[in-house]
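Just below is one structure, and these are the notes that go with it.
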Amino acid sequence: MKILILPDPAAAVARCAQIIAQTLTETPQAVLGLATGGTMEPVYADLVRRAEAGEVSLERMTSFNLDEYVGLPPEHPQSYHTYMAERLFGPLGLDPARTHLPRGDAEDPATEAARYDAAIGQAGGIDLQLLGIGGNGHIGFNEPSSSLASPTRVKTLTSATREANARFFGPDETVPRFAITMGIATILRSRRAVLLATGASKASAVAAMVEGPLSARCPASALQLHPSATVVLDTEAAAELELRQYYETVHPKGQEVMLG
Ligand code: F6R
């Protein structure tokens, strides 16, 4: 794992956006795996800014989002379809045929999950998978106890996740109990993964992911098995890493270093 520690959340977001932009510059038709949540909002704002400035184009990429709430149709204001449409796909006028999310309103969510997993394979697999992390160590909606070999499937959300995500829903709305999520095996098949975490609320999950045992207790620890995983952190999210000094020596201020 490559651990990049940036001085503040804005620098971590910019570093993450830079990695995505660089991938698209090298491979304009790349297949991106995308995440939602509060952490990703400034990343998408940064990408929109870069695209509008002509620094990068997302027009030829294909994307597959990690997850969607079961029961929410795409047009629901709290669906991840809407999240992506408002923050990235709409502002850049991207071709909807190239942007994919699981259908939360599918008649049979289990069949939809299997179809989605197969569609990722048919697209050639994911070149760059963007990830956030839950305070409980989830990636996508692979909650603790998820099989580290899981395919895309329906998962029951923990009460911790539903409480954390209640902030996106109105006071009279209930956070859905289930989601379709890319599985951990699906995520591990990506050719490169970049996980962004900012803020003190992620510090213990980050430490468990990077330095803890490989365990379904912290699903993100499965990234220890990924051949090319980069973890981009601000100092607060990095606060509980025991080997922090080492990471900062290898990548001063989160930069790449060349041998020699
Ligand atoms: C959502 C997803 C989740 C979030 C995680 C962190 O697509 O993949 O794993 O990345 O719940 O969410 P925030 O950024 O809101 O703390």
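Just so you know, ligand 1 is whichever comes first in the structure, and atom 1 is the first atom listed for that ligand. Computed from heavy atoms alone, side chains included, the values below leave out hydrogens, waters and symmetry copies.
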When the side chains of residues 10-22 are checked against the rest of the protein, which donor-acceptor pairs come out under 3.5 Å, sequence neighbours left out?
| residue | atom | partner | partner atom | Å |
| --- | --- | --- | --- | --- |
| Arg15 | NE | Gly254 | O | 2.8 |
| Arg15 | NH1 | Gln18 | OE1 | 3.0 |
| Arg15 | NH2 | Gly254 | O | 3.3 |
| Arg15 | NH2 | Glu256 | OE2 | 3.3 |
| Gln22 | NE2 | Glu26 | OE2 | 3.2 |

For ligand 1, list all ligand N or O to protein N or O distances below 3.5 Å, rounded to 0.1 Å.
| residue | atom | partner | partner atom | Å |
| --- | --- | --- | --- | --- |
| ligand 1 | 7 (O) | Thr36 | N | 3.0 |
| ligand 1 | 7 (O) | Thr36 | OG1 | 2.7 |
| ligand 1 | 7 (O) | Asp67 | OD1 | 2.7 |
| ligand 1 | 7 (O) | Asp67 | OD2 | 3.3 |
| ligand 1 | 8 (O) | Asp67 | OD2 | 3.4 |
| ligand 1 | 9 (O) | His138 | NE2 | 3.4 |
| ligand 1 | 9 (O) | Gly140 | N | 3.4 |
| ligand 1 | 9 (O) | Gly140 | O | 2.7 |
| ligand 1 | 11 (O) | His138 | NE2 | 2.7 |
| ligand 1 | 14 (O) | Gly38 | N | 3.3 |
| ligand 1 | 14 (O) | Thr39 | N | 2.9 |
| ligand 1 | 14 (O) | Thr39 | OG1 | 2.4 |
| ligand 1 | 15 (O) | Gly38 | N | 2.8 |
| ligand 1 | 15 (O) | Arg167 | NH2 | 2.9 |
| ligand 1 | 16 (O) | Lys202 | NZ | 2.7 |

Report task. Sequence neighbours left out, what passes ring pair (Phe, Tyr, Trp, His ring centres under 6.0 Å) with His138? Give chain and number order. Result ->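 His138 satisfies ring pair (Phe, Tyr, Trp, His ring centres under 6.0 Å) with Phe141 once adjacent residues are dropped.
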
Requested in this report: Under the ring pair (Phe, Tyr, Trp, His ring centres under 6.0 Å) rule, collect the residues that match up with His100, sequence neighbours excluded.
Outcome: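 Scan of His100 (ring pair (Phe, Tyr, Trp, His ring centres under 6.0 Å), adjacent residues dropped) gives Phe64.
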
Query - Quiz item: cation-pi between Arg87 and Tyr83, 6.0 Å / 45° - result: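 Yes, Arg87 lies over the aromatic ring of Tyr83.
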
Report task. Please report the closest heavy-atom contact between Arg49 and Glu55, naming both atoms and the distance. Result -> NH1-OE2, 3.9 Å

Query raised in the report: Donor-acceptor pair, Gln129 side chain versus Val194 backbone, under 3.5 Å?
Result: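 No, the answer is negative, given that no donor and acceptor are paired below the 3.5 Å cut-off.
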
